Number of protein chains: 2
Amino acid sequence: MTAVNNKFDHGHEPWQTRGMKQPVQQRTLKTRARLLAAAEEVVQAQGFEALRVDQVVVRAGVAKGTFFAHFTDKDALMSQLIGARINAALDGIEARPTPRDVDQIVQALLPLMALLTRERYVFDVFLRHSGAALAEEIGPIAETIGRFQEVLERWLDGAPVRRDVSVAVLAEGIQAFLIQVIAMHFCALHSDIDMPTRLDPYLRAWLLPPA
Amino acid sequence: MTAVNNKFDHGHEPWQTRGMKQPVQQRTLKTRARLLAAAEEVVQAQGFEALRVDQVVVRAGVAKGTFFAHFTDKDALMSQLIGARINAALDGIEARPTPRDVDQIVQALLPLMALLTRERYVFDVFLRHSGAALAEEIGPIAETIGRFQEVLERWLDGAPVRRDVSVAVLAEGIQAFLIQVIAMHFCALHSDIDMPTRLDPYLRAWLLPPA
DNA sequence: GCTCAAAAGTGACCGCGGTCAATAACAAAT
DNA sequence: ATTTGTTATTGACCGCGGTCACTTTTGAGC
């Protein structure tokens, strides 16, 4: 289980490099699939925070050590699961018409906010992995952030926003405000206002030139 | 150790409420001081990330249970220690002349950035507590954020920045960008550029009206 | 089929954060 | 000095993430 180390496996390599050494055994794929399915079941039943590796392992019918042969640590599993959900959310977002103004942008971001707001733990994992954890490896969550950036840039390209700043910077700013607003949502003092309402003025001030 | 539960003790109550029930014993203060001193020593020697509760406890000469009678969990201790450092940094920042433009603001923020950049772990703890952890209790770190907000607002009041947005929102935006930039610093892909250089364009775009 | 080296899987074990029933230290009242 | 109710301290214990020396399985070459 070194050739398939998840450090470089983000979940969809056909792995046709059978020339070198030994190929991947089907067993491996099965086991990993079982682990992921088991994890998904647990999350479905009890949420992300309550997930225990032991539980996943027993549901998958493997030993504990096997788990850590497939995922460097529990966070790597979480990154997979949460990354998948973020990707699903982005799919949904991209399937809808391109937002054309600030209001529509805020509306379009709702699914993402809902996802990251559901559990504090999810948001924590997201933050921890948003900066690509440690050098070299880019995890699933970090990938979704790259994708998110691209989506935002595409939106901004065809939207009536300020042009004195590059689209890339504008998009990064949106991400910064999004995170800020979500963090505030978890703050005891500010959890009364709903997030879209809070996000709106930031994006308006950030994207639109002052009158 | 319920009346002095750290949930409500941020480190500097004289606790003159001796009328109700039982007063605080001097023993308590001594023990807490010893724990904090021991923790500080450990951090000094090995950094925040490497700190182990057992080590702190043995250095302080108390039992493990005592630690958790004084701090709800390890993070609470961290919040104290890191909060103290942030406050020290803010003291230094406030002691210097008020920055008058974006460049000076970025410069003034350097100590804070240095603090939060030194250890990834510190930044993680900061993020975790910046939203006041859980309802009701406001921890030391959350307090420093409030203070930081005030400092920023004071700066912006007398600075040549856009006025179409409230000073409060502008200040919160600065915080959002600061966090964004620090997060990027820990990202494998973007760690080559230094932070002031990166922060500058954001703040410029955020604070100054487009030409 | 048989061989054999590499890959996959196992589970006892460890480190560390956190708990709690029991105990000791304290201070006020008698 | 003794009792009494409260507060502070203790340390054995637990849960859970993670490790690793060892066993089992696999499949390419014979």
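Numbers restart at 1 for each chain; the letters A, B, ... are given by sequence-line order, proteins then strands. The structure presented is a predicted model; accordingly, all values stated were derived computationally and were not measured.
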By nearest atom, which of the nucleotides [options] is closest to the [X] side chain?
| X | options | result |
| --- | --- | --- |
| B:Lys64 | C:dG11, C:dG18, D:dG17 | C:dG18 |
| A:Asp54 | D:dT9, D:dC16, C:dA8 | D:dC16 |
| B:Arg52 | C:dG17, D:dG11, D:dG18 | C:dG17 |

5' precedence on DNA chain C between A:Gly65 and B:Phe67 (nearest-nucleotide basis): A:Gly65
How many whole angstroms separate atom [atom1] of [X] from atom [atom2] of [N]?
| X | N | atom1 | atom2 | answer |
| --- | --- | --- | --- | --- |
| A:Phe71 | C:dG9 | CZ | C1' | 15 Å |
| A:Leu35 | C:dA8 | CG | P | 14 Å |
| B:Arg27 | C:dC26 | CZ | P | 5 Å |
| A:Lys30 | C:dG9 | NZ | P | 12 Å |
| A:Phe68 | D:dG17 | CZ | P | 7 Å |

Does the gap between the ring centers of A:Phe126 and A:Tyr121 come in under 6.0 Å? no
Phosphate-side-chain proximity, [X] and [N], N/O vs OP1/OP2 below 4.0 Å:
| X | N | answer |
| --- | --- | --- |
| A:His70 | C:dA8 | no |
| A:Gln26 | C:dA8 | no |
| A:Thr31 | C:dG9 | yes |
| B:Thr66 | D:dT10 | yes |

Would you find a donor on one side and an acceptor on the other, under 3.5 Å apart, between the side chain of A:Gln149 and the backbone of A:Ala168? yes
Sequence neighbours excluded, the answer for salt bridge (charged side-chain N to carboxylate O under 4.0 Å, His left out) partners of A:Glu40 is A:Arg85
For the base of C:dG18, is there a side-chain donor-acceptor partner from B:Lys74 under 3.5 Å away? no
List the steps, then state whether salt bridge (Lys or Arg N to Asp or Glu O under 4.0 Å) holds for A:Arg128 with B:Asp124. CA-CA 7 Å; A:Arg128 216 177 301 138; B:Asp124 281 341; 5.3 Å; no
